Amino acid sequence: MLEIQRIRSEKELIIEGLKKRHFDATSIIDELLSTDEKWRIYKTEMENVASQMNQFSKEIGILFKEGKQAEANVLKAQTAELKTKEADLKERVDAFDEQITNLMYQLPNVPNELVKAGKSEEDNETVEEHGSAPEFGFKPMPHWEIADKFRLIDFELGVKITGAGFPIYRGKGAKLQRALISFFLDEASEAGYEEHLPPHVVNEASGFGTGQLPDKEGQMYYIQEDDLYLIPTAEVPLTNMYRNVLLPNEDFSIKITGYTPCFRREAGSYGKDVRGLNRLHQFDKVEIVRVEHPSNSEKALNEMLDHVKGLLEKLGLQYRILRLCGGDTGFAAAMTYDFEVYSAAQEKWLEVSSVSRFDTFQSTRLKLRFKNADKKSQLCHTLNGSALALPRIVAALLENHQTEDGVNIPEVLHKYTGFKTI
RNA sequence: GGAGAAUUGGCAGAGUGGUCGAAUGCACUGGUCUUGAAAACCAGCGUACCGCAAGGUACCGGGGGUUCGAAUCCCUCAUUCUCCGCCA
């Protein structure tokens, strides 16, 4: 959510910025500002009435104490009138309030100055590319065939017990999964991120805090009986730990990590894009999250990018980094870098990480602030990134490191897997 | 799941219908004193919104209600604790 103060003072800049998303904010902002103006007028009026009522109440109390019943009753009668007036004003103020909130929820974050205008993924810029595609002396298999051949992942069995998009990993497939999680968590710990194991379901307030609600409601699994949501990413519980938090000073840099399964309904997805591990309803991911002083968030973002690069290099995967264009940048993000690994057998790029800075967009909703040098509370910046999401990493590892009779496991994983080849 | 008790400022803890945004203590900040420190003393010390300001409004777990007036009474939800039941 953007800050209303910012919309009041930087209207034009915001409208200009949002154009990079091909989002025309003019009418929303105009309506917002005029509603905000009315809200303030009525609110001031309401508070004046409330103030007078409070005054009368005090006087009535004093009169009663002095035994002046008659005079007190006169004042009581007068208050009744004010009360109706106040109730009426409150109703209007509340209505404006709700209208403002609804409008605010419609405004996405303003893209960072580095972000180029663009409509879709075709306009994303490739900023870096590392490694090269492996050479095979044979026709490489797609990962679902490898998984089948070596009994690593059973997609059909998952369908039987749950449904499509819920594969069962087994044998070396399951162990590889566990190895990757441990490897990613250890790497994150080494980089200074404190490990957490958060709940995998969250309440509604948390969904709003990080911005999944209200705009992505249909993407989350919802448990009606308890009014809880299955998390689509560890970002939700991890970042919401800092909901309604006021950090005592400006000397902070919070780095946290956690592994969770992620649940996504992915309604409407079908076809070859969802083949194998390419898109699942449940998958594993290690997330890194940071809460930073505004002046440090650029540095933090770069550190996160370096961290993810390191992981991919240690796994020996060819990858590229894209800076998403305005139109492809998520609703809440100011800037997002996607990491994609090359899938040798599918001959396409697979997204394995998304690293974003949100500036104050999440902290506004979260009410996540710190005391600055002037003892004023100021909004923190939040960032997060996948480090990493497993399924497509597994797909790329199987495909890119396959040999004629098996798969080579990258050396960094040996101590976790206990085997070097599949 | 059943029964009971509780929820007040950073912490502890008063307050059961009126001038209470809330006593007191601790913690914290500034000052006096001191060679320095401690102690003592003085002062300050929650958050948010509106306003140039003066000031105003709201907040005593959340929401709703009664009343001229609610931290205080009522309803409801949540959480915590105790006991019982169930259980990995």
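Protein chains get the first letters and strands the later ones, always in sequence-line order, with residue 1 at the start of each. Quick caveat, the model's predicted, so the values are computed rather than measured.
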For RNA chain B, what residues of residues 65-82 of chain A have any heavy atom nearer than 4.0 Å?
->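 Residues of residues 65-82 of chain A under 4.0 Å from RNA chain B: A:K65, A:K76, A:T79.
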Run the salt-bridge test on [X] and [Y] with the 4.0 Å N-O cut-off and return the result as yes or no.
X: A:D88; Y: A:K85; result: no
X: A:D123; Y: A:K116; result: no
X: A:E86; Y: A:K83; result: no

Round to a whole Å and report the spacing from [atom1] of [X] to [atom2] of [N].
X: A:D97; N: B:A48; atom1: CG; atom2: P; result: 17 Å
X: A:I60; N: B:C68; atom1: CD1; atom2: P; result: 8 Å
X: A:I62; N: B:G17; atom1: CD1; atom2: P; result: 19 Å
X: A:K58; N: B:C20; atom1: NZ; atom2: P; result: 8 Å
X: A:D226; N: B:C77; atom1: CG; atom2: C1'; result: 14 Å
X: A:Q378; N: B:A48; atom1: CD; atom2: C1'; result: 16 Å
X: A:N244; N: B:G61; atom1: CG; atom2: P; result: 16 Å
X: A:K38; N: B:C50; atom1: NZ; atom2: C1'; result: 18 Å

Looking only at the side chains, is there a donor atom on one of [X] and [Y] sitting less than 3.5 Å from an acceptor on the other?
X: A:H381; Y: A:E292; answer: no
X: A:E217; Y: A:Y229; answer: yes
X: A:R243; Y: A:N240; answer: yes
X: A:Q99; Y: A:E31; answer: yes

Can you pull every protein N or O that's under 3.5 Å from an N or O on nucleotides 54-59 of chain B?
unit_1: B:G56; atom_1: O3'; unit_2: A:S51; atom_2: OG; d: 3.2
unit_1: B:G56; atom_1: N2; unit_2: A:E47; atom_2: OE1; d: 3.0
unit_1: B:U57; atom_1: OP1; unit_2: A:S51; atom_2: OG; d: 3.4
unit_1: B:U57; atom_1: OP1; unit_2: A:N54; atom_2: ND2; d: 3.3

* Where each residue is assigned the nucleotide of RNA chain B containing its nearest heavy atom, which of A:W39 and A:K83 is assigned the position nearer the 5′ end? ->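 Its nearest nucleotide lies further toward 5', so the answer is A:W39.
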For [N] and [M], measure between their [atom1] atoms and round to the nearest Å.
N: B:C59; M: B:G64; atom1: P; value: 10 Å
N: B:U8; M: B:A71; atom1: P; value: 16 Å
N: B:A14; M: B:G25; atom1: C1'; value: 11 Å
N: B:U76; M: B:A22; atom1: C1'; value: 26 Å
N: B:C33; M: B:C41; atom1: C1'; value: 9 Å
N: B:G55; M: B:C60; atom1: P; value: 24 Å

Can you check nucleotides 63-65 of chain B for protein contacts, nitrogen or oxygen pairs under 3.5 Å, and list what you find?
none

Sort me out a list of protein N/O and nucleotides 85-88 of chain B N/O pairs below 3.5 Å, or just none if empty.
none

Are A:F208 and A:Y105 an aromatic pair, judged by ring center distance below 6.0 Å?
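Yes, close enough.
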Quick check: do [X] and [Y] have side-chain heavy atoms less than 4.5 Å from each other?
X: A:L152; Y: A:L398; result: yes
X: A:L301; Y: A:Y337; result: yes
X: A:T417; Y: A:K175; result: no
X: A:S353; Y: A:Y319; result: no

Test side chain to side chain donor-acceptor pair (under 3.5 Å) applied to A:Y193 and A:R290, A:K255, A:H307, the passing residue:
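Of the listed residues A:R290, A:K255, A:H307, the side chain to side chain donor-acceptor pair (under 3.5 Å) partner of A:Y193 is A:R290.
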Check your understanding: Taking only residues two or more places apart in sequence, or in another chain, which ones meet A:H281 in a ring-ring contact (aromatic ring centres under 6.0 Å, His included)?
Key ->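 ring-ring contact (aromatic ring centres under 6.0 Å, His included) list for A:H281, sorted by chain: A:F166.
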Provide a list of protein-nucleic acid N or O atom pairs under 3.5 angstrom, restricted to nucleotides 45-47 of chain B.
unit_1: B:U47; atom_1: OP1; unit_2: A:K371; atom_2: NZ; d: 2.2

- Please say whether the positively charged group of A:K216, taken as NZ for Lys or CZ for Arg, lies over the ring of A:F331, i.e. under 6.0 angstrom from the six-membered ring centre and within 45 degrees of the axis.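 A:K216 over A:F331 ring: no.
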* Asked: Side chain of A:F64: nearest nucleotide among B:C68, B:C49, B:U19?
  ->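 Shortest atom-to-atom distance from the side chain points to B:C68.
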